[in-house]
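As structure tokens, the structure follows; a few thoughts come after it.
So that the names make sense, note that chain A is the first sequence line, chain B the second, and so on, each numbered from 1.
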Amino acid sequence: MQRHVAAAVEREDRLPEPIRTVAGIDVSYGARGRATRARGAAVLLDAQTLEVLDQATVECATTFPYIPGLLTFREAPVAITALEALSARPDLIVCDGQGIAHPRRCGVASHLGLALDLPSIGAAKSRLTGFCDEPGLARGSCSPLLDNTEVIGACLRTRTGVAPMWISIGHRVSLASAIRLVLQFAPRFRMPEPTRLADRLSKARA
DNA sequence: GCGACAG
DNA sequence: ATCTTGTCGC
């Protein structure tokens with residue numbers, strides 16, 4: 001199924017110009033009695049000023065375990081519900097996880113982009129698959145993430161001297177644009193604002 | 001058989 | 001992802 005979805009993923013830019021809004025999505029977990037509950041959060045921001053325009057959270061039972069390579073089946077259902085609870089559809093989504101930098105080229109960012117028919121970017125805090133050289137220490141330095149000879153993403157330093165982020169095409173956004181946009185969305189912290197705020201919101205006490 | 005392994 | 005205390009650097 002993932003290979004089928006991967007075949008439909010678009011790796012070239014096909015997004016509005018200018019990009020007006022961007023949404024970040026993330027999911028956190030917590031024990032509620034016996035079962036683990038999942039809470040999804042979506043935050044809508046102005047893509048230029050990074051001002052928060054809207055935010056939403058949803059909560060539900062966890063239905064799938066964490067298995068490397070199958071994160072989509074654990075998080076996507078909650079993430080989609082949270083995104084649809086926003087007052088408007090964004091021009092672009094940023095996800096906490098890989099896009100095509102995945103064994104079958106179908107990480108959660110790609111799967112979500114295709115399912116929602118929205119441009120998407122994968123911005124992960126660690127590597128799932130592939131290899132690359134260590135990027136330079138300066139903000140903006142990056143090195144290609146390779147699986148054999150195929151470029152599947154980039155290791156990008158969003159903050160000088162701080163651990164890099166792992167960026168990949170989600171859907172309808174080229175790798176070059178994904179890198180540029182993540183730098184635009186992360187002017188101050190390691191994580192881009194959309195996912196940083198969604199992460200914080202998903203963990204905030206109800 | 002062993003190690004790696006988004007969140 | 002979650003839990004948990006101190007520690008290091010800007």
Side-chain angles (χ1 to χ4, degrees), chain A residues 1-3 5-6 9 24-43 57-83 93-115 120-132 137-139 145-148 151-171 175 178 182 186-192 194-206:
Chain A
M1 193 268 246
Q2 292 187 317
R3 279 189 275 267
V5 168
V9 164
I25 22 194
D26 196 21
V27 182
S28 69
Y29 303 86
R32 283 282 198 289
R34 296 293 292 133
T36 296
R37 300 280 297 177
R39 182 199 277 154
V43 179
T57 62
V58 296
E59 208 169 302
C60 63
T62 296
T63 59
F64 202 87
Y66 171 68
I67 299 170
L70 303 183
L71 180 65
T72 290
F73 304 108
R74 179 171 172 82
E75 301 205 337
V78 202
I80 289 172
T81 308
L83 195 90
I93 59 181
V94 180
C95 305
D96 200 327
Q98 318 290 345
I100 66 170
H102 176 281
R104 291 167 294 282
R105 306 294 181 263
C106 188
V108 63
S110 294
H111 213 126
L112 279 173
L114 200 72
S120 66
I121 292 171
K125 297 181 294 300
S126 63
R127 184 191 66 90
L128 172 61
T129 194
F131 298 91
C132 71
L137 286 181
R139 167 180 151 87
L145 177 63
L146 304 170
D147 185 352
N148 294 305
V151 176
I152 57 173
C155 184
L156 173 69
R157 194 83 64 181
T158 52
R159 221 194 139 170
T160 299
V162 170
M165 296 288 298
W166 303 80
I167 310 307
S168 55
I169 291 173
H171 181 49
L175 182 57
V182 166
R188 176 162 178 211
F189 300 107
R190 179 200 183 205
M191 290 180 69
T195 46
R196 191 182 74 84
L197 295 176
D199 176 80
R200 198 176 63 167
L201 178 62
S202 75
K203 288 169 176 143
R205 56 158 284 179

### Query
Given B:dA6, is OP1 or OP2 found less than 4.0 Å from the side-chain N or O atoms of A:Lys125?
no
### Message
Just verifying a value: how many Å separate A:His171 NE2 and A:Cys106 SG, rounded to the nearest 0.5 Å?
### Response
11.0 Å
### Message
Rounding to an integer number of Å, can you tell me how far A:Leu128 CG sits from B:dA4 P?
### Response
15 Å
### Message
For the base of C:dA1 and the side-chain ring of A:Tyr66, does the geometry meet a stacking cutoff of under 5.5 Å between centres and under 30° between planes?
### Response
no
### Task
Would you indicate which nucleotide in B:dA4, B:dA6, C:dA1 comes nearest to any side-chain atom of A:Leu71?
B:dA6
### Task
Return no unless some side-chain N or O of A:Arg127 is found under 4.0 Å from OP1 or OP2 of B:dA6.
no
#### Entry: Length of the CG-P vector between A:Asp26 and B:dA6, whole Å
15 Å
### Query
Taking CE from A:Met165 and C1' from B:dA6, how many angstroms apart are they, rounded to a whole number?
11 Å
### Query
NA contact type, A:Tyr29, heavy-atom cut-off 4.0 Å: base, sugar-phosphate, or nothing?
sugar-phosphate
### Query
Looking at A:Ser28, does any N or O in its side chain come under 4.0 Å of the phosphate oxygens OP1/OP2 on B:dG7?
no
### Query
Rounded to the Å, how far apart are A:Asp147 CG and B:dA6 P?
15 Å
### Query
Name the one of A:Arg105, A:Arg104, A:His111 that satisfies side chain to side chain donor-acceptor pair (under 3.5 Å) with A:Gln2?
A:Arg104
### Message
Over 60° means perpendicular and under 30° means parallel, so tell me whether A:Phe73 and A:Phe64 are parallel, tilted or perpendicular.
### Response
tilted
### Task
In sequence, state the C-alpha distance, the side-chain angles, and the governing distance for A:Tyr29 and A:Glu75, and then conclude on side-chain hydrogen bond (donor to acceptor under 3.5 Å, both in side chains).
CA-CA 10 Å; A:Tyr29 303 86; A:Glu75 301 205 337; 3.1 Å; yes
### Message
Any base atoms under 4.0 Å from A:Gly30, or only sugar-phosphate, or nothing? Heavy atoms, all strands.
### Response
nothing
### Query
Starting at CZ of A:Arg104 and ending at C1' of B:dC5, how long is that distance when rounded to a whole Å?
12 Å
### Message
Rounding to an integer number of Å, can you tell me how far A:Leu145 CG sits from B:dC5 C1'?
### Response
14 Å
## Note on the structure
A:Phe131 CZ to B:dG3 P, in whole Å, measures 16 Å
### Summary
Separation of C:dG9 atom P from A:Phe189 atom CZ, nearest Å, is 20 Å
### Message
So, taking the atom named CD1 in A:Ile93 and the one named CG in A:Leu112, what distance separates them when rounded to the nearest 0.5 Å?
### Response
5.5 Å
### Summary
DNA chain C nearest-nucleotide lookup for A:Arg159 and A:Asp199: closer to the 5′ end is A:Asp199
